Amino acid sequence: MAMRAATTVVAATPRGLRGLFSTLTSTSPFVPPPMTQVDKPSPAEPSTNLFVSGLNKRTTTDGLKEAFSKFGEVLNAKVVTDRASGYSKGFGFVRYATLEEAAAGIKGMDGQFLDGWVIFAEYARPRPLPGSPPPGNNGSPYGRQ
DNA sequence: ACTGAGCGA
């Protein structure tokens, strides 16, 4: 009786691929969202300057002012239009007299309809005043050190 | 042409 041979033939699993897959699955192929931002999406700081978007392209400065004047005293309103063609860009700015009026205007006009379009009102970003130092080489250590 | 998530002459 000598019928024994090739007892260990199987077990030829390519562990090279396994190792690769292990590494791949180890690096999270789905990248679970850490949700590190849940209380940050603040539009801007409170200001009397309001940024209104979602305006109808034919809404004008007067219409914007008229709409926001119902929630406060609008000192100035401005719908941004392209001076090259004169068409509205679909957003504008509204300046209230006080911060509370601005807040009232936002809470009162944000999400409302104007000229058939849902408009969004929020605090406008601080804009560099006309007269601020223009971006020059102030900060580039070129020349000499 | 104004047709869209956008921050001004």
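Since this is a predicted model, take the numbers as computed values, not measurements. All chains are named by letter (A, B, ...) in the order of the sequence lines, taking the proteins before the strands, and each is independently numbered beginning at 1.
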- Query: Can B:dG6 be described as syn, meaning its chi torsion is within 90° of 0, or is it anti?
  - Reply: syn
- Please report the closest heavy-atom contact between A:Ser47 and A:Ala102, naming both atoms and the distance. O-CB, 3.5 Å
- What nucleic acid atoms does A:Phe91 come within less than 4.0 Å of, heavy atoms only: base, sugar-phosphate, or nothing? sugar-phosphate
- Message: Both A:Leu50 and A:Leu55 contact DNA chain B. Taking the nearest nucleotide for each, which residue is further toward the 5' end?
- Response: A:Leu55
- Query: Within this structure, what is the CG-to-C1' distance between A:Asn56 and B:dC2, rounded to whole angstrom?
  - Reply: 10 Å
- Separation of A:Lys89 atom NZ from B:dG6 atom P, in whole Å? 14 Å
- Note on the structure: Note: contacts of residues 110-123 of chain A with DNA chain B (heavy atom, under 4.0 Å) are A:Trp117, A:Phe120, A:Glu122, A:Tyr123
- Non-neighbouring partners of A:Phe93 that pass ring pair (Phe, Tyr, Trp, His ring centres under 6.0 Å), sequence neighbours left out: A:Phe51
- Message: Is there a continuous path of hydrophobic side-chain contacts, each under 4.5 Å between heavy atoms, that joins A:Phe91 to A:Phe120?
- Response: no
- Task: Ignoring the backbone of A:Arg83, work out which of B:dG6, B:dC2, B:dA9 is nearest its side chain.
- Result: B:dA9
- Message: Test: side chain to side chain donor-acceptor pair (under 3.5 Å). Region: residues 106-125 of chain A. Which pairs qualify, not counting sequence neighbours?
- Response: A:Thr59-A:Asp115
- Query: Rounding to the closest angstrom, what is the interatomic distance between B:dA5 and B:dA9 at atom C1'?
  - Reply: 23 Å
- Query: side-chain contact (heavy atoms from CB on, under 4.5 Å) with A:Thr60: which residues, sequence neighbours excluded?
  - Reply: A:Asp62
Please tabulate, for side-chain N and O atoms in residues 94-101 of chain A, each donor-acceptor pair with protein atoms closer than 3.5 Å (sequence neighbours left out).
unit_1   : atom_1 : unit_2   : atom_2 : d
A:Arg95  : NE     : A:Asn49  : OD1    : 3.2
A:Tyr96  : OH     : A:Phe68  : O      : 2.5
A:Thr98  : OG1    : A:Glu101 : N      : 3.4
A:Thr98  : OG1    : A:Glu101 : OE1    : 3.2
A:Glu101 : OE1    : A:Ala97  : N      : 3.4
A:Glu101 : OE1    : A:Thr98  : N      : 3.2
A:Glu101 : OE2    : A:Glu73  : N      : 3.1

- Query: Minimum heavy-atom separation for A:Lys78 to A:Leu64, with atom names?
  - Reply: O-CD2, 4.1 Å
- Tightest non-hydrogen contact, residues A:Glu66 and A:Lys70, listed as O-CG, 3.8 Å
- Item | Length of the line joining A:Tyr87:OH and B:dG4:C1', which is rounded to integer Å | 17 Å
- Within the structure shown, what part of the strands sits under 4.0 Å from A:Gly54 by heavy-atom distance: base, sugar-phosphate, or nothing? base
- Task: Give me the residues of residues 60-82 of chain A where at least one heavy atom lies under 4.0 Å from an atom of DNA chain B, by number, or none.
- Result: A:Lys78, A:Val80, A:Thr81
- Message: Output the rounded distance in Å from CZ (A:Arg127) to P (B:dG6).
- Response: 19 Å
